[in-house]
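Scope of the values below: all heavy atoms of this structure, side chains included, with no hydrogens, waters or symmetry mates. Here, residue 1 is the first one in the sequence, and each next residue gets the next number.
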Amino acid sequence: MAAFNLTSSDPSTFILMGIPGLEAAHIWISIPFTTFYIISLLGNFTLLSVVGKEETLHKPMYLLLCMLALTDIATPTFVVPKALCIFWFSLKGITVAGCLTQMFFLHMVSVMHSAVLVTMAFDRYIAICNPLRYATIFTNARLAKLGLAGLIRAVLFILPLPLLVSQQPFCANRIIPHTQCEYIAVAKMVCGDITVTRIYGLVLMFVINGLDLTLIALSYGLIIRAVLRISSKRAHQKALNTCTTHICVMLTYYTPGLFSNITHQFRQGISPYIHIILANIYLLIPPMLNPIIYGVKTKELRDKVGKYTCRR
């Protein structure tokens with residue numbers, strides 16, 4: 001206990017508590033954490049490997065899946081190793097610089113992930129609504145530029161958050177009741193005036209989520225309208241199948257995030273560990289499910305994965 005008090009009073013260190021209220025179950029909680037993380041890594045690295053080896057898959061649609069897979073690998077990797085250190089070894093200390101770095105990369109990758117989903121919606125809109133011009137509009141070079149633009153957007157939007165927080169004095173109590181240094185949890189450690197930081201965080205949430213979801217909804221609204229006009233039943237079914245796959249992926253990403261935000265806003269009467277569990281589900285479940293969804297629903301990718309599996 002003395003060591004714990006000494007560490008928590010260190011001005012250069014925060015203490016991540018894991019899941020308060022469920023400390024006795026940390027070892028058991030680590031089992032699904034580890035399982036989801038391993039499945040996520042296996043699925044996403046398999047997808048990257050298959051697309052990389054198969055030249056027939058070097059198309060915008062599959063390259064977008066690779067971009068999604070990279071964000072799906074990065075997201076849990078910034079969280080799970082530290083969480084497992086807390087669960088297994090009670091290594092709860094993290095430096096202020098390390099905490100702010102984790103916060104930056106965690107939210108930056110999240111914004112990048114959202115940008116990839118918007119690009120995928122745009123890709124399907126062009127493929128279904130303007131198929132004759134798809135090859136000229138959505139080239140690999142243009143996709144690379146869109147990916148770079150999404151990365152720059154994510155960095156520029158998120159970088160001010162840790163910079164603003166780092167300028168404020170932190171309270172003497174440096175215990176963060178969480179498994180990760182998410183923005184809201186770290187902001188609660190600040191004892192100074194964080195009005196500007198709060199406003200920027202809220203504006204960021206509404207601008208990014210609002211804009212991206214609006215563009216996605218607009219794209220799929222136009223896609224559905226175009227699909228309903230298709231006379232060929234086979235083409236109609238193929239277009240709907242493609243859209244269903246993308247919509248499933250978007251639901252697995254945005255739905256846990258929505259519930260996590262709701263528990264933040266209406267946290268009265270809700271146990272703190274519920275929010276922490278939801279925040280971790282938001283980071284663990286989509287990266288695990290995405291390669292499975294695309295592997296099952298995308299025939300060409302499924303066939304290539306089957307071919308490589310049979311070889312081995």
Side-chain angles (χ1 to χ4, degrees), residues 10-18 37 40 67-86 91-118 147-171 174-209 211-212 253-254 256-257 260-261 264 275-276 278-284 286-287:
D10 185 347
S12 64
T13 305
F14 287 132
I15 298 295
L16 289 169
M17 290 301 295
Y37 184 49
S40 172
M67 292 167 64
L68 192 70
L70 289 172
T71 63
D72 283 340
I73 290 168
T75 300
T77 299
F78 290 129
V79 174
V80 172
K82 179 59 184 176
L84 292 179
C85 286
I86 297 169
L91 297 175
K92 301 177 179 181
I94 184 170
T95 64
V96 172
C99 191
L100 294 177
T101 301
Q102 186 192 55
M103 182 179 79
F104 167 73
F105 281 108
L106 197 57
H107 292 292
M108 185 270 287
V109 171
S110 178
V111 174
M112 183 64 194
H113 189 104
S114 187
V116 173
L117 293 179
V118 172
L148 181 60
L151 178 61
I152 292 170
R153 183 190 79 147
V155 171
L156 292 180
F157 278 170
I158 298 301
L159 186 59
L161 279 180
L163 293 178
L164 287 168
V165 171
S166 66
Q167 300 304 310
Q168 300 292 331
F170 293 107
C171 301
R174 304 206 165 199
I175 298 174
I176 300 175
H178 214 303
T179 56
Q180 59 192 259
C181 292
E182 70 168 10
Y183 162 68
I184 296 174
V186 177
K188 289 178 180 177
M189 297 295 102
V190 175
C191 282
D193 183 11
I194 59 169
T195 304
V196 174
T197 310
R198 284 184 182 277
I199 292 172
Y200 183 77
L202 285 171
V203 169
L204 204 60
M205 184 179 70
F206 283 113
V207 167
I208 293 173
N209 290 342
L211 178 63
D212 288 0
Y253 177 71
Y254 286 110
S260 181
N261 286 328
H264 253 311
H275 165 69
I276 297 170
L278 283 173
N280 284 293
I281 286 173
Y282 172 63
L283 297 175
L284 288 170

Visitor: Compare all side-chain heavy atoms of Val111 with those of Leu204 and state whether any distance is below 4.5 angstrom.
Guide: no
Visitor: State the CG-CG distance between Leu283 and Asp72, to the nearest 0.5 angstrom.
Guide: 11.0 Å
Visitor: So Tyr254 and Ser114, side chain to side chain donor-acceptor pair (under 3.5 Å) or not? Walk me through it.
Guide: CA-CA 9 Å; Tyr254 286 110; Ser114 187; 2.9 Å; yes
Visitor: Flag the pair Met108 / Leu159 as yes when at least one side-chain heavy-atom distance between them is below 4.5 Å, and no otherwise.
Guide: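 When only atoms from C-beta onward are counted, Leu159 and Met108 do not touch, as no gap falls below 4.5 Å.
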Visitor: Distance check, rounded to the nearest 0.5 Å: Leu164 atom CG versus Arg198 atom CZ?
Guide: 13.0 Å
Visitor: Run the numbers on Tyr282 and Thr75 for side chain to side chain donor-acceptor pair (under 3.5 Å), then give the verdict.
Guide: CA-CA 10 Å; Tyr282 172 63; Thr75 300; over 6 Å; no
Visitor: Compare all side-chain heavy atoms of Leu106 with those of Val79 and state whether any distance is below 4.5 angstrom.
Guide: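 Counting from C-beta outward, Leu106 and Val79 do come under 4.5 Å.
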Visitor: Atom NZ of Lys188 and atom NE2 of His178: how far apart are they, to the nearest 0.5 Å?
Guide: 8.5 Å
Visitor: Specify the closest pair of heavy atoms between Ala83 and Thr179, including all atoms of both residues, with the distance to one decimal.
Guide: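 Shortest heavy-atom separation between Ala83 and Thr179 comes out as CB-CB, 4.3 Å.
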Visitor: In the structure I gave you, are the side-chain heavy atoms of Met112 and Val116 within less than 4.5 Å of one another anywhere?
Guide: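 Of all side-chain heavy-atom pairs linking Val116 with Met112, at least one is under 4.5 Å.
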Visitor: Is there side-chain contact between Thr197 and Tyr183, with at least one heavy-atom pair below 4.5 Å?
Guide: yes
Visitor: Which atoms form the tightest heavy-atom contact between Pro76 and Pro287, and what is the distance?
Guide: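 The answer is CD-CG, 4.1 Å.
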Visitor: Walk me through whether Ile158 and Phe105 qualify under side-chain contact (heavy atoms from CB on, under 4.5 Å).
Guide: CA-CA 9 Å; Ile158 298 301; Phe105 281 108; over 6 Å; no
Visitor: Say whether, by atom type as modelled, one donor and one acceptor occur between the side chain of Gln168 and the main chain of Val190 under 3.5 angstrom.
Guide: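 Not a single qualifying donor-acceptor pair exists.
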Visitor: Less than 4.5 Å apart, side chain to side chain, heavy atoms only: is that true for Thr13 and Arg174?
Guide: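 When only atoms from C-beta onward are counted, Arg174 and Thr13 do not touch, as no gap falls below 4.5 Å.
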Visitor: NZ/Lys92 to NZ/Lys82 distance, rounded to the nearest 0.5 angstrom?
Guide: 10.5 Å
Visitor: For residues Gly201 and Leu161, report the shortest heavy-atom separation together with the two atoms involved.
Guide: CA-CD2, 4.3 Å
Visitor: From Phe206 CZ over to Leu211 CG, what is the distance, rounded to the nearest 0.5 angstrom?
Guide: 14.0 Å
Visitor: Going from NE2 on His113 to CE on Met67, what distance comes out if it is rounded to the nearest 0.5 angstrom?
Guide: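 Spacing of NE2 (His113) from CE (Met67) equals 11.0 Å.
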Visitor: Could you check Arg153 against Ile208 for side-chain contact (heavy atoms from CB on, under 4.5 Å), going step by step and ending with a plain yes or no?
Guide: CA-CA 10 Å; Arg153 183 190 79 147; Ile208 293 173; 4.2 Å; yes
Visitor: Any heavy-atom pair between the side chains of Asn280 and Gln180 that's under 4.5 Å?
Guide: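 Gln180 vs Asn280: side chains touch.
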Visitor: List the steps, then state whether side-chain contact (heavy atoms from CB on, under 4.5 Å) holds for Met17 with Ile176.
Guide: CA-CA 6 Å; Met17 290 301 295; Ile176 300 175; over 6 Å; no
Visitor: Evaluate Asp212 against Leu117 for side-chain contact (heavy atoms from CB on, under 4.5 Å), listing each step before the verdict.
Guide: CA-CA 8 Å; Asp212 288 0; Leu117 293 179; over 6 Å; no
Visitor: When you compare the side chain of Leu16 with that of Cys181, does any pair of heavy atoms fall below 4.5 Å?
Guide: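 Yes, side chains in contact.
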